Every structure is written in C-alpha cells, then in structure tokens.
Amino acid sequence: MELREYWIHNLDPNAFWIGERLVSWYELFMFLTVVGGAILWAWQLWRGKKLSWRFLWVLPLGVLVFFYSIHLADCFFYQPRYYLEHPLESLNILQGGYSSHGAAFGGTLFLLLVARPLGMSSLESVDRFMFTSALGAALVRLGNFFNSEIVGRVTDVPWAMRFMRYDAGFTVRHPSQLYEFAIGLFMIALMFVADRRAGGERRPVGLLTGLFFSVYFALRFLVEFTK
C-alpha cells in the first residue's frame, strides 16, 4: 500500500473549553474512568453488602484519592524539581496533569486500608475493584490514542495509521493504544461472564483478580511486540 492510502490520525487532543479552561480528551477519559469506575465499584460493594449507608464516605474518599494519586504522580514523576520547590502547587488537581501510574500505587494502598472497615479481606477488597481496573485500563489508552502518544512500531498491516501529531505521518504504525483499549473492554466482558457463571456473590474470593492479572497481562505482553 502507498503511504497516502493509510488512515491519517490527526485528531485534536483538546476536547472543549469550560470557561477559560481547555479540557483535553485525556482528561475527559480520566473523568469517565472515575465516574464509571466508582459506579462499578459501588455495584460490587453494595451487592456484597459491604457498603452500607454508614460507609458511603468510602466512595467520595476513593474518588479523591484516585484524583490526587494520578495528579501527584504526574507532578513528581515528570516535573520533580519544580514541584519540590513549589509543593503547594501540586495540591491543585484542577490545573491538569494526570498520570495513570499513580492510580496503581494510590488505589491499591487505599483498597488495602479500607478493607477491614468494610469487613473484607485485602484480597476481596482488590477483587471487587477489578471491573474498575479494567475500565481504567481501557479508557486511559483511548486517551493516549487521542493524544497521539504511546504509538506502535512501524508496520505495513492494512489497519496501520499515520500519526500526524507524532512524526508528521512520515511512517505508518500500529495503533497499539486501540489494541490495549480493546483488551480492557474484553476483560470487562470476560470478568462479567466469569462472575455470572461463578454465581455472583458465591464466586471464589480472588477469582476476578487472578483472571485480570493472568489474562490481561498476557495480552498486554503480546501487544508489547507491536510497540
């Protein structure tokens, strides 16, 4: 195929304005991750009778921890010198700058800390969060796609794309972000089926965690060959 015959990816990474604040697609997908993830997590907790009116504070606190985890990770991973000199500025989560790396550390620590108050083991607490993890894995990569970042390696497969905002479209590459987006959606469907077949609340503790870490990372390993 000639270069001009491949799909041209030239999407604007910015979605819309809110007043004088320009919101990027990545930030929008992060917001959808928080909202959708909170709903999935609440469903798992409520169904298991782990979330009573007495413990509803866990949901907004979890959202806050998530936002600060991804924001502080961006601040201190990518601009450590500046934020070590201006630490108070790192507390403003509305200024943008979000890194999914922080969610893994902050989110896991939060799940372990709230497990006992909610009457769960640490494994069960993590297990009930796996639907949210899969949603986040999918939407974060969709955000990367809109940002024209974490692109795949050069290839000539028919569905390859020219990322105009990455290298001016001089090469055609795997849309590896979409592969990982599809994996995240697949994991949600797979865990939903496994949950139903295992009897919902009768499922073995750790089933979803084991399924997520084995299947998701096996598929992610395969995608690495396209990056």
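Here the structure is a predicted model, which means the values were calculated and not measured.
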Problem set entry | Flag, side chain of Thr155 to backbone of Ala160, donor-acceptor distance under 3.5 Å | no

Exercise. Do the rings of Phe163 and His9 sit parallel, tilted or perpendicular, given the 30° and 60° boundaries?
Worked result: tilted

For this session: Could you walk me through whether Lys50 and Glu201 pass the salt bridge (Lys or Arg N to Asp or Glu O under 4.0 Å) test, one step at a time?
Result: CA-CA 11 Å; Lys50 305 299 181 182; Glu201 285 305 308; over 6 Å; no

For this session: Check for a donor-acceptor pair, side chain of Arg128 on one end and backbone N or O of Gln44 on the other, with a separation under 3.5 Å.
Result: yes

Problem set entry | Atom pair CH2/CZ of Trp41 and Phe131 - distance to nearest 0.5 Å | 15.5 Å

Exercise. Is Met130 reachable from Leu123 through a run of I, L, V, M, F, W or Y residues, each pair having side-chain heavy atoms under 4.5 Å apart?
Worked result: no

For this session: Kindly work out whether a path of hydrophobic side-chain contacts (I/L/V/M/F/W/Y, heavy atoms less than 4.5 Å apart) joins Val154 to Ile150.
Result: no

Problem set entry | Where at least one partner belongs to residues 185-197, residue pairs that pass side chain to side chain donor-acceptor pair (under 3.5 Å), sequence neighbours excluded | Arg47-Asp195, Asp195-Arg203

Exercise. Within a strict 4.5 Å, meaning less than it, do heavy atoms of the Leu45 and Met120 side chains meet?
Worked result: yes

Exercise. Is Leu139 reachable from Phe16 through a run of I, L, V, M, F, W or Y residues, each pair having side-chain heavy atoms under 4.5 Å apart?
Worked result: yes

For this session: Using a 4.5 Å cut-off on heavy atoms from C-beta on, say whether the side chain of Val23 contacts that of Asn14.
Result: no

Problem set entry | Short side-chain to backbone donor-acceptor contact, Ser125 and Leu111, under 3.5 Å | yes

For this session: Tell me whether Leu207 is reachable from Leu40 by hopping between hydrophobic residues (I, L, V, M, F, W, Y) whose side-chain heavy atoms are closer than 4.5 Å.
Result: no

Exercise. Would one find more than 12 heavy atoms of other residues, nucleotides or ligands at under 6.0 Å from atom CZ of Phe170?
Worked result: no

Problem set entry | hydrophobic_cluster_shared for Val172 and Ile8, side chain cutoff 4.5 Å | no

Problem set entry | Member of Met161, Gln177, Arg165 meeting the side-chain contact (heavy atoms from CB on, under 4.5 Å) criterion with Ser148 | Arg165

For this session: Find the distance between CH2 (Trp46) and CG (Leu51) and round it off to the nearest 0.5 Å.
Result: 6.0 Å

Problem set entry | Verdict with supporting geometry, Thr209 and Asp127, side-chain hydrogen bond (donor to acceptor under 3.5 Å, both in side chains) | CA-CA 5 Å; Thr209 303; Asp127 208 43; 2.8 Å; yes

Problem set entry | Check: Gly210 main-chain N/O paired with Ser214 side-chain donor or acceptor under 3.5 Å | yes

Problem set entry | Approximate separation, where rounding is to 0.5 Å, of Leu190 CG and Ile183 CD1 | 12.0 Å

Exercise. Any idea which heavy atoms bring Ala115 and Ser121 closest together, and the distance?
Worked result: CB-O, 3.8 Å

Problem set entry | Step-by-step side chain to side chain contact (heavy atoms under 4.5 Å, CB included) determination, Arg173 to Lys227 | CA-CA 9 Å; Arg173 298 174 177 274; Lys227 297 170 68 175; over 6 Å; no

Exercise. Rounded to the nearest 0.5 Å, what separation is found between the CZ atom of Arg220 and the CZ atom of Phe217?
Worked result: 6.5 Å

For this session: Start with the C-alpha gap between Phe186 and Tyr216, add the side-chain angles, then the distance that decides, and say whether side chain to side chain contact (heavy atoms under 4.5 Å, CB included) holds.
Result: CA-CA 9 Å; Phe186 171 73; Tyr216 177 76; over 6 Å; no

For this session: With side chain to side chain contact (heavy atoms under 4.5 Å, CB included) as the test, would you mind laying out the steps for Phe29 and Val140 before giving the verdict?
Result: CA-CA 7 Å; Phe29 288 129; Val140 165; over 6 Å; no

For this session: State, yes or no, whether a side-chain contact exists between Asp156 and Tyr6 at a heavy-atom distance under 4.5 Å.
Result: yes

Give every donor-acceptor pair under 3.5 Å between a side-chain atom in residues 59-66 and any protein atom, sequence neighbours left out.
none

For this session: Test Asn147 against Leu11 for side chain to side chain contact (heavy atoms under 4.5 Å, CB included), laying out the working first.
Result: CA-CA 8 Å; Asn147 271 355; Leu11 297 172; over 6 Å; no

Exercise. Checking Trp25 side chain against Asp12 main chain: does a donor-acceptor pair fall under 3.5 Å?
Worked result: yes

For this session: Please check if the side chain of Arg162 supplies one atom and the backbone of Gly169 the other of a donor-acceptor pair under 3.5 Å.
Result: yes

